[in-house]
Amino acid sequence: MGNRGMEDLIPLVNRLRDALSSVGESCSLHLPQIAVVGGQSAGKSSVLENFVGRDFLPRGSGIVTRRPLILQLLSDNTEYGEFLHCQGKKFTDFDEIRKEIETETHRLTGSNKAISPVPIHLRIHSPHVLNLTLVDLPGITKVPVGDQPTDIEYQVRDMIMQYICKENCLILAVTPANTDLANSDALKLAKDVDPQGLRTIGVITKLDLMDEGTNARQILENKLLPLRRGYIGVVNRSQKDIDGKKDIKEALRAEKEFFLSHPAYKHMSEKMGTPYLQRILNQQFTNHIRDTLPAFRSHLQSQLLALKKEAEDYMQFNPNDPARRTKTLLQLVQRFAVDFEKLIEGSGDKVDTVNLSGGAKINRIFHERFPYELIKIGSDEGKLRTEINYAIRNTHGVRTGLFTPDTAFEAIVKKQISRLKGPCVKFIDMVSQELTTTLYQCIDKLSSFPKLRDETERIVTTEIRELETKCRDQVMLLIDIQVAYINTKHEDFVGFNNSPQMHNHTNTKIAARIGGKQGVAPHSSLIVIRKGWLTINNIGIMKGGAKEYWFILSAENLSWFKDDKEKEKKYMLPLDNLKLRDVEKGFMSSKYVFAIFNTELRNVYKDYKCLELACNSQEELDSWKASLLRAGVYPEKVAVDEQGNGPPENLSDPQLERQVETISNLVDSYMGIIYKTVRDLMPKTMMHLMINSVKEFISSELLAQLYALGECSALMDESPEQQQHRVEVLQKHAALKEALAAIGEISTSTCTTPLPPPVDSSWIKPSSLPKTAASGKPGIRSHAPPVPRVPSAGPKSSPNGSRQHTSQQNRTPALVPRRLPPAIPSVK
């Protein structure tokens, strides 16, 4: 049987299974086990009861076992049972164990004979058992009974396959002797996942019920229908014996006498019967654990390494130690401050490669969204000239003015400056919202302590709101300062003397002040402002429909190519007289669309008056709009003022026309200065008054305000989820360390029984497809789940001294059609 260390390995695996099951089996370890597989009424439950020597499993007709029962047998001086879902409660009455199994089964499956893959864990301590771990699975059925699902056969099959397809699972294939062994469902399923027979042990039941004059001698001698690990025969109690409450000990004596007295079996009686089966299973299960030990140890080590850092942190945290609570609070707040600053400054350890966040989004607001908001409020030329016309005429009143009135110029400029308040307020709101989003990203790491998280969120959010108000007041003050005094002596202001020279350069200067073009630049056609994919959205189906192209925007034209290799140009569109407008997003469309059109009503592309271009996200849309602004393509404006005065009147007075032209040029010049100033000052103001202040507050003031609450101890109360997670992690860590320590004490040089040589198991026919009741044709099902591969521990010696490789690549794949099994739900 091997050394004592090997004997202790089965209880060790049981303890590890309990530890992992209590936390939902989240470590996903394939623990060694023995799965009991067989058809309904094959005698599986009777075999397990004979192992224990007690009646404790539900009885009845049809499908009785409706949930997997993981049965752990432990040799002990006392006899009792324990359920994992009733921890701490010992069942000494085995009738109570049966009732608890029935109750727990009914709780999940109801009374309609349905099945569930969620296992029931039962541990039985007894002086009459050897250490074993078995899984009693539902019996293989063919026909639904009562209100069972019509696919009950497939459900049972899939559940069985979930267990036996694992390489560390021994398969106990139970078949009654009074049926045709060549058609055994249990052996067919075992053949599917274990074609070489390395893991399959045959059990023949009901030998006493065979027809007179027949026997299973050749089968039990492994001659007629051989298996590599052979067969073991057992005799269970009959239904009459069970109804008559025949004692199992008496049944075991009768079984022994049957094999000793039967002429066909008495020569091998020592290798037959339930006690021998139990010893063989104990030995082979122990050997199987030993064989899978290297891969098992590696799996345990990888799981332990993944948990090590988190477990060490939890070990140091004592929820009842005030000093430890205070230290943890300090560490969490410091980490929160560092994470927030890293997200803003862009120096984080984990860089998001999918979306913009934190400082990158704020930078985009600074340099794309805000300039776009500025240009959106700018008046077009027609509206501006109308306002100047009215301002000049209202300034002169009933008289006809001979000179250009500077009061009209100031009135127009002040109105234009005041209109900047809207974009500036929106700009502050966007930055504030992004700071709040960044706060939420960082504060999620405090979710283990709900009170601390809530108070931190409240304090920092309140500070952001206060700083937002302060920043808004400061920005409004800056706008009011600009309105208060119109500095016509500014060095960049053209003045009245040079205003006529500005007429031919108005558009160029607007593009320069809005787009930020400064200094001497190369030829504008060579300046590439943006590249990217866009979809031309308004091409009819007859002409090819919407199609994606690679667009290149320069300072003078918009070109598009077949792909991003930029070899096959499709079209080049000059930017002269182009404007853009928003297009409402379609109900079923996921695209974000804008349109460009010609202000002179000329065709933009072929026979299309406008070109609708679609992006995949709002961010792309905003970015393209900002790029088009830099190129001088502005949003469409409606030429009606707020009082509904309509389009400008025809200027029949040449003198008035010259005055309008002069003031228009002066306004353009002065607003260029204002735009440049605002674009420069707004990001600086936000950084100083808001962003830097929030960072400084979190790093220096947040901790003090948390202490000022006077509830530091309450702040560090863990959430129930966190408490459970901490306990689970520590349980996993302790169980894995215990397992590795015990495995380290195991002598891998233990003498064990070698695996028998291969046999010809071609007599086991592949599982046939069931025929549907309606058509009589084979049902179509998907392929079997792949058999997990466990690395071979190396070549093994066969009895004749030759070295025999058992590598997995020599196995034939399981080709039996079936549905993929559903995932086993975690047991909480």
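Salt-bridge formation is not detected for the pair Lys451/Glu455: no Lys NZ or Arg NE/NH1/NH2 atom is positioned less than 4.0 Å from an Asp or Glu carboxylate oxygen. Salt-bridge check for Asp680 with Lys684: passed, with a basic side-chain N closer than 4.0 Å to an acidic carboxylate O. One finds no salt bridge joining Glu368 and Lys625 here, because no Lys/Arg side-chain nitrogen approaches an Asp/Glu carboxylate oxygen to under 4.0 Å. For the pair Arg465 and Glu463, the salt-bridge criterion is not met [side-chain N within less than 4.0 Å of a carboxylate O]. Ion pairing between a basic and an acidic side chain is recognised when a charged N comes within 4.0 Å of a carboxylate O; Asp480 and Lys414 show no such pairing. The residues Asp444 and Arg453 are annotated as salt-bridged, a charged nitrogen and a carboxylate oxygen being separated by less than 4.0 angstrom.
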Subject >> Test ring pair (Phe, Tyr, Trp, His ring centres under 6.0 Å) applied to Trp533 and Trp550, step by step >> reply: CA-CA 5 Å; Trp533 292 99; Trp550 180 256; 5.3 Å; yes
**OP:** Take Leu629 and Tyr634 through the side-chain contact (heavy atoms from CB on, under 4.5 Å) test and state the conclusion after the steps.
**Re:** CA-CA 6 Å; Leu629 286 179; Tyr634 304 115; 3.6 Å; yes
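Side-chain N or O atoms of Ser432 include none that pairs as donor or acceptor with a backbone N or O of Ile428 at under 3.5 Å. In this structure a side-chain-to-backbone donor-acceptor pair under 3.5 Å is missing from Asn603 to Tyr605. In terms of modelled atom types and a separation under 3.5 Å, the side chain of Lys609 and the main chain of Leu601 share a donor-acceptor contact.
Once rounded to the nearest 0.5 Å, the distance linking CG of Asp563 with NZ of Lys570 reads 9.5 Å.
For Leu573 against Val604, the heavy-atom pair with the smallest separation is CD1-O, 3.1 Å. Closest heavy-atom contact between Ala595 and Val583: CB-CG2, 3.7 Å. For the pair Leu374 and Pro423, the tightest heavy-atom approach, listed with the atom from each and the gap, is CD2-CB, 4.1 Å.
By the 30° and 60° cut-offs, the orientation of the rings of Phe551 relative to Tyr549 is perpendicular.
Phe366 meets the ring-ring contact (aromatic ring centres under 6.0 Å, His included) test with Phe427; sequence neighbours excluded. Every residue was checked against the side chain to side chain contact (heavy atoms under 4.5 Å, CB included) condition with Ala411, not counting sequence neighbours, and none meets it.
Looking only at side-chain heavy atoms (C-beta outward), Leu553 and Trp624 come within less than 4.5 Å of each other.
For the pair Arg679 and Phe370, the cation does not sit on the ring face, since its NZ or CZ is not both under 6.0 Å from the ring centre and inside 45° of the axis.
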